[in-house]
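Keep in mind that the numbers below use all heavy atoms, side chains included, and drop hydrogens, waters and symmetry copies.
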Amino acid sequence: LNALAAVLEAVQQSIVMLTGLASCLLITAAAFMRYVLHVDFYGSEELIMLTAFWLYFMGASLATREDSHISADLICSLMKTPRRRRILKTIQHVISLAISILATSWAYSYIAWSLARNPKTPVLKFPIIWLQFPILIFFILSSLYLLGHVINDIRALARGGDYGIDPNSRCDDSARLPGGPERKGEL
């Protein structure tokens, strides 16, 4: 399972790196062609949108894996003990998992609907499903990663002790401390 997780992470990181590079190159080429050569790069918006969707959604799934999404967690600052912080983190992960599973179902329905109609982009005429597929992949991966976070949280609570949380840490550091979901290759 750890080997599979490592391969999956490497694939995601490669997609993020390649689509980030492609997005930058496409935007630069479109601007150069429009403002220097005074010609239009027809379909550039569609290509940029395609690479951007893969970049954003694969990057978001990596952030879910690392539990490093931006948050404004005011409640955590009121939690003074590591146990309470871990309980709060567990509740947050359970709620996020439920929402992610629901969104996965909706994304699947959206893909199925799109497959039945096969819409295409206006200029380059490529299937719009190519833009929608990263959404489904994101929610599937996020659901798996969040399930891993919930399992790790429950294990940390069962172990007791410091619950993997430094009582002097900032609230947003708690998930990346020992016993949290930061362990490489662990879902």
*Please identify each residue that fulfils side chain to side chain contact (heavy atoms under 4.5 Å, CB included) with L115, with sequence neighbours left out.*
I111, I129
*For residues 24-36, which residue pairs qualify under side-chain hydrogen bond (donor to acceptor under 3.5 Å, both in side chains), counting only residues two or more places apart or in two chains?*
R34-D40
*Residues forming a side-chain hydrogen bond (donor to acceptor under 3.5 Å, both in side chains) with T90, sequence neighbours excluded*: none
*Which residues pass the ring pair (Phe, Tyr, Trp, His ring centres under 6.0 Å) test with W113, sequence neighbours left out?*
none
*How would you list, by chain and number, every residue that makes a side chain to side chain contact (heavy atoms under 4.5 Å, CB included) with M17, sequence neighbours excluded?*
none
_Co-members of the apolar cluster containing L25 [side chain, <4.5 Å]_ = L21
*Partners of V11 by side chain to side chain contact (heavy atoms under 4.5 Å, CB included), sequence neighbours excluded?*
V7, I15
*asked:* For residues 130-151, which residue pairs pass the salt bridge (charged side-chain N to carboxylate O under 4.0 Å, His left out) check, not counting sequence neighbours?
replied: none
*asked:* Restricting to non-hydrogen atoms, name the atom on P134 and the atom on M58 that form the minimum distance, rounded to 0.1 Å.
replied: O-CE, 4.2 Å
*Should the heavy atoms of other residues, nucleotides or ligands under 6.0 Å from CZ of F41 be counted, would the total exceed 12?*
yes
_Restricting to ring pair (Phe, Tyr, Trp, His ring centres under 6.0 Å), what partner residues turn up for Y110, sequence neighbours left out?_
none
_Taking transitive links into account, so neighbours of neighbours count too, which hydrophobic residues share a cluster with L102 at under 4.5 Å side-chain distance?_
W106
*Counterpart residues, ring pair (Phe, Tyr, Trp, His ring centres under 6.0 Å), relative to F138 (two or more places apart)*: F57
*Quickly, which of L141, I135, I140 forms a side-chain contact (heavy atoms from CB on, under 4.5 Å) with T104? Name it, please.*
I140
*T19 backbone acceptor or donor facing S23 side chain under 3.5 Å*: yes
*Does F126 CZ have over 12 foreign heavy atoms under 6.0 Å away?*
yes
*Partners of L18 by side chain to side chain contact (heavy atoms under 4.5 Å, CB included), sequence neighbours excluded?*
none
